[in-house]
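What follows is a single structure, written as structure tokens, with notes after it.
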Protein chains: 2
Amino acid sequence: MSSYTPCPPSQTRLLDVAERAGVSVITVSRALRTPAKVAPETRARIEAAVASLGYVPNLVAGALASARTRTVGILVPTVSSSIFATTINGLTDALESEGYSIVLAQSGYEAAREVAALAALLGRRPEGIVMVGSPMTDAARIMLEAAQDRGTMVVETWDLPERPIGSVVGFDNRAVGNAVAARFAAAGHQRLAFVGGDDDRASARFHGFAETAARLGQAPPLRIQLPAPSAMADAVAAYNAAHGPESLSRADAIFAATDVHAFGLLSAALRHGRRVPEDTALVGLGDLEMARFSIPSLTTVRIDGARMGQAAASLILEGVRRPSHDYAPKRIDLGFELIVRESG
Amino acid sequence: MSSYTPCPPSQTRLLDVAERAGVSVITVSRALRTPAKVAPETRARIEAAVASLGYVPNLVAGALASARTRTVGILVPTVSSSIFATTINGLTDALESEGYSIVLAQSGYEAAREVAALAALLGRRPEGIVMVGSPMTDAARIMLEAAQDRGTMVVETWDLPERPIGSVVGFDNRAVGNAVAARFAAAGHQRLAFVGGDDDRASARFHGFAETAARLGQAPPLRIQLPAPSAMADAVAAYNAAHGPESLSRADAIFAATDVHAFGLLSAALRHGRRVPEDTALVGLGDLEMARFSIPSLTTVRIDGARMGQAAASLILEGVRRPSHDYAPKRIDLGFELIVRESG
DNA sequence: TTGAAAGCGCTAACAC
DNA sequence: GTGTTAGCGCTTTCAA
């Protein structure tokens with residue numbers, strides 16, 4: 001025999017509430033989850049017991065018993081870059097009212113860390129998992145596919161991958177690049193440049209940018225790759241360091257992969273005495289709040305990050321209510337909008 | 001009797017791995033958690049079985065059985081305001097390598113939402129809970145105290161509350177206000193103003209600011225309260241809207257509760273043709289990356305958000321390893337640093 | 001409207 | 001080094 005007390009026994013349980021209220025545990029459970037199924041009088045006694053004991057239901061036990069964790073995992077490259085903040089926000093707002101909790105993990109744009117983070121998330125048996133972008137490795141992809149096969153909702157965001165794992169809520173990063181190049185060409189710019197990381201989405205933006213530039217008879221854009229995870233300082237350094245024919249300062253129009261990079265470039269260019277947009281036009285992506293207020297204000301590609309998070313939440317909630325056999329992954333293109341301001 | 005299959009039975013379990021490897025479940029469990037306690041040969045068979053089945057341990061079941069969830073909850077006012085991003089970052093970085101997951105919740109600076117978010121977090125039985133700031137209500141405080149009594153590590157951050165619940169990692173918001181006022185006074189500024197939200201920490205900054213202003217014979221600073229959760233646009237609006245004697249545009253030195261507010265004020269002031277710092281000196285708080293690169297660059301109070309997160313993680317990990325009777329809450333003052341740049 | 005029994009997938013304790 | 005047994009706190013099914 002064993003007494004099994006890993007911790008001091010403490011912790012108020014459903015049983016304690018039940019005894020106090022003079023009912024069985026299952027009645028307490030029902031009173032808490034489906035109050036309508038319990039007689040008002042019983043319910044009142046139970047509620048009093050709950051209050052007097054300060055009972056907080058153990059959701060971990062509930063999750064194990066019901067095979068529903070009411071948990072959603074989100075894997076972002078980083079939380080530092082405010083660019084994903086609205087997506088996290090939209091997701092939490094839409095899920096918390098449904099009783100879901102968010103488990104947050106970061107990959108730091110590193111493949112190994114992504115796999116580890118995913119394993120940690122999946123072990124918590126989330127009902128849904130939201131990826132910013134697509135997995136970087138096959139290993140990660142396989143884990144996600146396996147999770148999906150056993151009923152986890154998988155949603156990729158911030159992109160429209162050709163070979164999605166499950167559902168997708170995003171926008172066409174290549175089309176974004178096309179649009180920015182077209183605008184630069186129409187404005188008569190000749191020496192185009194692109195500054196950003198080397199993740200899939202940034203690369204798609206660049207390819208679209210280069211593609212349209214070529215189509216419109218422009219010289220191939222200069223591409224400056226920043227080591228991920230890149231920050232404003234990296235963009236500034238890239239601007240300052242560049243010399244010779246590869247110099248950013250020779251560009252008359254720069255597309256920055258994110259607004260964060262754009263602000264760095266804006267600062268560096270102005271400090272170098274260049275006028276923006278006259279000497280160098282500048283376009284960012286993300287429409288951070290600062291874009292409206294910088295001087296000059298920043299022309300940027302607006303992405304509705306909050307709606308992306310909300311849509312991901314909706315897809316997960318819908319999918320979870322549905323038997324897996326009639327679950328059809330969805331593909332939602334939220335589009336983007338070029339917000340023309342002063343910088344280009 | 002019952003067949004109990006809430007979901008299609010699927011899901012690889014420890015038992016499946018055990019059968020495949022020809023051992024008992026507990027041996028598999030050990031091979032996964034304490035490989036040294038299992039014979040190399042057995043371990044190899046188990047590892048092969050794990051790999052071939054794609055087994056992902058169910059951490060929820062493990063958590064229930066061991067009464068250790070390996071989970072830490074963090075409650076932030078908002079993730080949108082990049083001001084807390086580094087804290088979240090520091091916390092995740094320090095915890096993920098230890099196998100912990102982060103459960104994220106937002107209060108939106110609303111008391112009711114804070115209580116709800118806390119209930120959701122506490123139900124997950126986190127081993128630690130990190131608060132940005134202190135609870136807004138007694139209800140929330142009581143919940144945290146109860147959680148602490150049953151062994152949860154509670155850490156308040158971004159402040160040094162007089163009546164802490166458990167451990168604290170923060171800085172003295174009032175002293176920050178003192179320091180900024182002293183600097184303004186030394187620079188000969190006469191008409192001081194403070195712009196920020198009305199949460200406890202912002203208020204403490206204001207009180208310190210006003211206190212030192214008074215001590216140095218200054219007129220009482222103007223205080224502009226922004227409705228929480230406030231953003232850059234609110235600061236801009238406050239600047240633009242103010243008329244008459246309450247006008248921010250009459251101030252010759254403004255202390256903004258956060259860098260986000262400061263950038264809004266900077267933008268608005270410059271757009272109004274005022275020179276910063278000549279006409280209006282400006283100091284922020286947070287030392288966001290942008291502070292180095294804005295034009296003019298922003299004088300600000302640097303807070304080491306990442307270290308705050310890391311320190312909170314350390315306190316939790318230490319506390320969790322220790323029997324609760326010799327747990328003594330700690331109070332860590334990480335201090336702050338006035339970073340003098342161009343704006344003031 | 002309420003309850004009894006069984007069991008979710010795992011780990012702690014104690015044997016051997 | 002490995003296995004047996006019991007049980008974590010809850011929800012499910014089925015019966016009354």
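For the numbers below, each heavy atom of this structure counts, side chains included, while hydrogens, waters and symmetry mates do not. Since the model is a prediction, treat every value here as computed from it, not as a measurement. In the text below, chain A, chain B and the rest are named by the order of the sequence lines, each starting its count at 1.
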(message) Listing request: all ring pair (Phe, Tyr, Trp, His ring centres under 6.0 Å) pairs with a residue in residues 112-170 of chain B, at least two apart in sequence or in separate chains.
(response) B:Phe84-B:Trp158, B:Trp158-B:Phe171
(message) Can you confirm whether B:Leu317 sits close enough to B:Leu95 that some side-chain heavy atom of one is under 4.5 Å from a side-chain heavy atom of the other?
(response) yes
(message) Whole angstroms only, please: what is the CG-C1' distance between B:Leu64 and D:dC10?
(response) 8 Å
(message) Rounded to whole Å, please give me the gap between CG in A:Asn58 and P in D:dG9.
(response) 7 Å
(request) Return the value, rounded to whole Å, for the distance between atom CZ of A:Arg13 and atom P of D:dT11. (result) 14 Å
(message) For D:dG3, does the base pair up with any side-chain atom of B:Arg30 as donor and acceptor (N or O, under 3.5 Å, distance only)?
(response) yes
(request) Can you tell me the distance, in whole Å, between the CZ atom of A:Arg68 and the P atom of D:dT12? (result) 9 Å
(message) Nearest to the A:Ala65 side chain among C:dG7, C:dC10, D:dT12, which nucleotide is it?
(response) C:dG7
(message) Within the structure provided, determine whether A:Leu121 and A:Val103 are in side-chain contact (heavy-atom separation under 4.5 Å).
(response) yes
(message) What residues from residues 31-56 of chain A pass a heavy-atom cutoff of under 4.0 Å to DNA chain D?
(response) A:Arg33, A:Tyr55
(request) Would you please name every residue forming a salt bridge (Lys or Arg N to Asp or Glu O under 4.0 Å) with B:Glu98, sequence neighbours left out? (result) B:Arg321
(request) Report the nucleotide, chosen from C:dC10, D:dT4, C:dG3, that has the shortest atom-to-atom distance to any side-chain atom of A:Ile26. (result) C:dG3
(request) Would you check if A:Met136 and A:Arg113 make a side-chain contact, meaning some heavy-atom pair closer than 4.5 Å? (result) no
What side-chain donor-acceptor pairs closer than 3.5 Å can you find for residues 19-27 of chain B, not counting sequence neighbours?
residue: B:Arg20; atom: NH2; partner: B:Ser52; partner atom: OG; Å: 2.9
residue: B:Ser24; atom: OG; partner: B:Thr27; partner atom: OG1; Å: 3.3

(request) Verify side chain to side chain donor-acceptor pair (under 3.5 Å) between A:Arg124 and A:Thr71, making sure each step is shown before the conclusion. (result) CA-CA 8 Å; A:Arg124 307 278 169 196; A:Thr71 268; over 6 Å; no
(message) Run the salt bridge (Lys or Arg N to Asp or Glu O under 4.0 Å) test against B:Asp200 and tell me which residues pass, sequence neighbours left out.
(response) none
(message) For the backbone of B:Met131 and the side chain of B:Thr157, can you confirm whether one donor and one acceptor N or O come within less than 3.5 Å of each other?
(response) yes
(request) Mind calculating the distance between CZ (B:Arg124) and P (D:dC10) to the nearest angstrom? (result) 13 Å
(request) Please determine if a side-chain N or O atom of A:Thr27 lies less than 4.0 Å away from the OP1 or OP2 oxygen of C:dG3. (result) yes
(message) Just to be sure I understand the geometry, which residues of residues 17-25 of chain A put a non-hydrogen atom under 4.0 Å away from DNA chain C?
(response) A:Val23, A:Ser24
(message) Without decimals, in angstroms, what is the distance between A:Arg125 CZ and C:dG9 P?
(response) 9 Å
